[in-house]
Amino acid sequence: MQLQDILFSQGFGTRRVCSGLVQQGLVVVAGVVVDDPTADFAAAGLNFKVQGVDWQYHEKAYLMLHKPAGYECSQKPSTYPSIYTLLPAPIRQRGGGAAAGVQAVGRLDQDTTGLLLLSDDGKFIHRMSSPKHHVPKVYEVTAKHAVDDKQVQKLLSGVVLDDDPKPVKAAACVQTGPNQLTLTLTEGKYHQVKRMIAAVGNRVEGEGGVGGLHRSRIGSLDLPADLKAGQWRWLTGGDLAAIAGSGK
Ligand code: URA
């Protein structure tokens, strides 16, 4: 694949811009400046530098983000900054056109923190977010009022939410502190955790009235302890295997 096409596919701008980056000597492959935009490389796994920044070629992008509080999972946020501003420009521009860049797999509320997956692979996004596939998602919940066994049992046996008469059940629910629960859900209804907790007479609310909801795991993939809020990283083959084996 020509170097200018590799850069184009990875979101470094139009073909003209990519060709210009190479011609200006701003692209390094295997430690050597390559100034011929048509130079041919095997793209798979290629490591290169653009303007001093290390990149690796990814045919499709699969990433995880530790979503901080105070960000919206929308390309056009209304009140808070967009999570997409936490990603480098090439990842936001991959593929070009109207549907450029990666998309979040489902959404977390503005005040929810934790594990969020993003990709530009439509099939992967569909599989991960489709209610049919039942990929389990684990949430650490802090409630305003003390949690009791009755609430836990109700969450496990099913509660009715306002938009559907069919009860929704937690796949697992464990009390982890006086006001804390670990809740596992296999659907992804709008504000589902908050509405389920409200349906048992409690309220998701962290200390000082903020947040209270953190997603710690999707399928068998845990949010890594060393990925700080606001940081992202590529998913490894092992990460993808941990998610691919989840759900139905
Ligand atoms: N359920 C919610 O209520 N909010 C989230 O952000 C995720 C799940």
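Read the numbers this way: they start at 1 and go in the same order the structure lists the ligands and their atoms. Treat the numbers as computed from the prediction; the structure is a model and nothing was measured. Nothing fancy with the numbering, it's 1 onward along the sequence.
Residue-level contacts of ligand 1 at the 4.0 Å heavy-atom threshold are Leu108, Asp109, Thr112, Tyr139, His191, Gln192, Val193, Lys194, Leu213.
In the hydrophobic cluster analysis, where Ile, Leu, Val, Met, Phe, Trp and Tyr join through side-chain heavy atoms closer than 4.5 angstrom, Leu115 is grouped apart from Leu181.
The side-chain hydrogen bond (donor to acceptor under 3.5 Å, both in side chains) test applied to Lys194 returns Asp109, Asp111, not counting sequence neighbours.
Around the CZ atom of Arg16, the shell of radius 6.0 Å holds no more than 12 heavy atoms that belong to other residues, nucleotides or ligands.
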Mind running side-chain hydrogen bond (donor to acceptor under 3.5 Å, both in side chains) on Gln180 and Glu140 for me, showing each step along the way? CA-CA 7 Å; Gln180 278 81 27; Glu140 310 301 332; over 6 Å; no
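Gln175 places a side-chain N or O within 3.5 Å of a backbone atom of Val147 that can act as its donor or acceptor partner.
In this structure, Tyr62 and Phe124 have perpendicular ring planes: the angle between them is above 60°, well past the 30° mark.
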